[in-house]
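Computed from heavy atoms alone, side chains included, the values below leave out hydrogens, waters and symmetry copies. Since we're looking at a predicted model, the values are computed, not measured.
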Amino acid sequence: MSQPKQLKKLTRERMDATGESYTTARKAVLAGKPANPVNAARGGGPGAAPDSRPGDGPAEEQELPEYPAPDNVTQYDAGLWHRVLTQAGVTNPITGAAPSEALLAGIAGGIGFMVFTFEYESVTTATVVTRSHPEPYTASLLARLGVPVRETHTSSVKQAQANLDDGLDEGRAVVVRVTEGALPWIASAEPEDSESVDVAVVGEEDGSYLIDDGSGALRVLTAGELAAARSRRKKDRHWQAWIPEPVAPRVKVLRRGVVEAIDQTTGRLLGTAPLQGIPAHFAKNFGVAGMRNWAERLRDTTTRRGWTALFADEERLRGGLDQLAAFLDSDRFCGAGGLRGLYADFLEEAAALPGLAGLAAAAAPYRELAPLWEELADVVEPDVEAGDRSALFARMADVVERIADAEESAARGLREALEAATAS
């Protein structure tokens, strides 16, 4: 797309005249649209609160109407990329609509299982992950989708700023990776201990950036605040990705990505594929074998490796169960129904691709698994008395064992369906 000289200056002038957001005004300048004042576009005009900020209200209502607000998101990263791809104009070649959250979650690796406990000086942690792991989720999503992606990574703050502005100047939302605890609205006392998280920069206004963090309202960060949050971790420093063209993936490329993802998912769950970057002795914590191992440790009331001993201390028990409940309730590393219902949606959608109709039948067992994962989340009781912990862990083990049996059956059925679909 050709761009007029002084595009930013013209965009700013239009913003002042119309009350439009930066991105909306920029697109209008490029399209040569007349500058008709629009009071509601930025929450300005008569009757507006004088101190209203762009991040105070829902993103869809206050800014960038072409960028959808989060709606019934089950998996955070897949939902974020659904919105970014929608704004970029990318479509699924089969449906003609933007790639769905379910499709994106599925090709990212979909589902999996990992459980870990670690004993520290004053706490014992309990981590559970029900999405694909340990492979990089977003990297797999982008590689398998098969659309052009402009991805950059730099140690230079100045270059990172230029890279970000390049994407925004093209009228695209830009996904950046930040340390969650370094964000002002999180403001962790120990940001170095918090996770990295991807957010979308969806516009620029008055020298600050508008951020989609999945909350449903746009956040506002100054350039300095955003740079600080992006630079905390060396491996993630100033990483960003955006979609330069509204190109639909080719059907055969999308099909290949789906097949590769399902092969990985079943391999991880059934333990038939090696883990990347994970020592072999940790394999017992992953997949169906990890579920069975967890159930054994939940039932173990006599050895040091059992959960009864690990969480004998009241404070460790409370902290561990709080953490476990938070994981099961999160949309980053877990999700509603352990993400199994979303994965069933993926399989049904993927069945429309050439030669993959047999995947539709494999979806039902995963839809039936979702209530079991919800049952497990409901059983976890952070306020349990220390003396009642063994009974609680036994109830948890009952559910985990049922989940493990159903997960193994579902994964074997999916593997068979995939092999049948790809045999010809």
**Message:** Please check: side-chain N/O of S409 versus main-chain N/O of A406, any donor-acceptor pairing under 3.5 Å?
**Reply:** no
**Item:** Any D345 side-chain heavy atom under 4.5 Å of E349 side chain
**Value:** no
Side-chain donor-acceptor pairs of residues 268-275 under 3.5 Å, sequence neighbours excluded:
| residue | atom | partner | partner atom | Å |
| --- | --- | --- | --- | --- |
| R268 | NE | E135 | OE1 | 3.4 |
| R268 | NE | E135 | OE2 | 2.8 |
| R268 | NH1 | A273 | O | 3.3 |
| R268 | NH1 | P274 | O | 3.0 |
| R268 | NH2 | E135 | OE2 | 2.3 |
| R268 | NH2 | P274 | O | 2.9 |

**Prompt:** So, does Q75 use its side chain to make a donor-acceptor pair with the main chain of A105 at under 3.5 Å?
**Reply:** no
**Prompt:** Can you check side chain to side chain contact (heavy atoms under 4.5 Å, CB included) on V147 and L142, steps first, answer last?
**Reply:** CA-CA 8 Å; V147 300; L142 296 177; over 6 Å; no
**Asked** Do the side chain of R340 and the main chain of A370 share a donor and acceptor less than 3.5 angstrom apart?
**Response** no
**Asked** Is L353 close to L254 at the side-chain level, that is, under 4.5 Å between some pair of heavy atoms?
**Response** yes
**Prompt:** For the side chain of Q240 and the backbone of N163, is there at least one donor-acceptor N/O pair under 3.5 Å apart?
**Reply:** yes
**Asked** Are D383 and R318 close enough, and set up right, to give a side chain to side chain contact (heavy atoms under 4.5 Å, CB included), and what steps lead you there?
**Response** CA-CA 7 Å; D383 293 331; R318 192 80 58 244; 4.2 Å; yes
**Which residues share a side-chain contact (heavy atoms from CB on, under 4.5 Å) with D405, sequence neighbours left out** = R292
**Student check: side-chain heavy atoms of V176 and W239 closer than 4.5 Å** = no
**Gap separating the CG atom of L80 from the CG atom of L85, nearest 0.5 angstrom** = 9.5 Å
**Request:** Dump the intermediate steps for side chain to side chain contact (heavy atoms under 4.5 Å, CB included) on W81 and I243, then the final yes or no.
**Result:** CA-CA 10 Å; W81 277 100; I243 308 297; 4.0 Å; yes
**Prompt:** In this structure, which one of D77, D198, D213 forms a salt bridge (Lys or Arg N to Asp or Glu O under 4.0 Å) with R332?
**Reply:** D77
**Prompt:** Is D398 salt-bridged to R299, cutoff N-O under 4.0 Å?
**Reply:** yes
**Asked** Could you give the distance from CD (E407) to OG1 (T130), rounded to the nearest 0.5 Å?
**Response** 9.0 Å
**Item:** Ring geometry between W373 and F113 (parallel below 30°, tilted from 30 to 60°, perpendicular above 60°)
**Value:** tilted
**Message:** What I want to check is whether the side chains of E180 and S196 have a donor and an acceptor closer together than 3.5 Å.
**Reply:** no
**Prompt:** Can you tell me if R316 uses its side chain to pair, donor with acceptor, with the backbone of V123 under 3.5 Å?
**Reply:** yes
**Request:** Quick one: pull up OG1 in T152 and CD in Q159 and give me the separation to the nearest 0.5 Å.
**Result:** 8.0 Å
**Prompt:** Just checking, is any N or O donor in the side chain of R297 or T117 under 3.5 Å from an acceptor N or O on the other one?
**Reply:** yes
**Message:** As a quick check of understanding, evaluate salt bridge (charged side-chain N to carboxylate O under 4.0 Å, His left out) for D263 and R415, giving each step before the final call.
**Reply:** CA-CA 7 Å; D263 182 58; R415 167 64 71 173; 2.6 Å; yes
**Request:** Go through the side-chain N and O atoms of S208 and T222 and say whether any donor and acceptor fall under 3.5 Å apart.
**Result:** no
**Message:** Working to the nearest 0.5 angstrom, can you tell me the gap between H153 NE2 and K234 NZ?
**Reply:** 10.0 Å
**Message:** So V84 and V202, do their side chains get closer than 4.5 Å, heavy atoms only?
**Reply:** no
**Request:** Run the numbers on E260 and R256 for salt bridge (charged side-chain N to carboxylate O under 4.0 Å, His left out), then give the verdict.
**Result:** CA-CA 6 Å; E260 180 182 305; R256 183 168 62 240; 6.0 Å; no
**Item:** Side chain to side chain, P99 and V90, heavy atoms closer than 4.5 Å
**Value:** yes
**Request:** Find out whether the Lys NZ or Arg CZ of R172 is both under 6.0 angstrom from the six-membered ring centre of W242 and within 45° of the ring's axis.
**Result:** no
**Asked** Under 4.5 Å between any side-chain heavy atoms of R305 and N293, yes or no?
**Response** yes
**Message:** Do V251 and P354 have side chains that approach each other closer than 4.5 Å (heavy atoms only, starting at C-beta)?
**Reply:** yes
**Complete:** CD1 (I107) and CZ (R255) are apart, to the nearest 0.5 Å, by 14.5 Å
**Asked** Is any side-chain heavy atom of R177 closer than 4.5 Å to a side-chain heavy atom of R237?
**Response** no
**Message:** Other residues, nucleotides and ligands only: do more than 12 of their heavy atoms fall within 6.0 Å of CD on E314?
**Reply:** yes
**Prompt:** Checking S100 side chain against L103 main chain: does a donor-acceptor pair fall under 3.5 Å?
**Reply:** yes
**Asked** What is the distance from atom CZ of R389 to atom CH2 of W307, rounded to the nearest 0.5 Å?
**Response** 12.5 Å
**Asked** Does a salt bridge link R412 with E408, judged by any charged N lying under 4.0 Å from a carboxylate O?
**Response** yes
**Prompt:** Restricting to pairs with a member in residues 319-369, which pass ring-ring contact (aromatic ring centres under 6.0 Å, His included), not counting sequence neighbours?
**Reply:** Y343-F346, Y343-Y366
**Item:** Polar side-chain atom of Q323 near backbone of A126 as donor-acceptor pair, under 3.5 Å
**Value:** yes
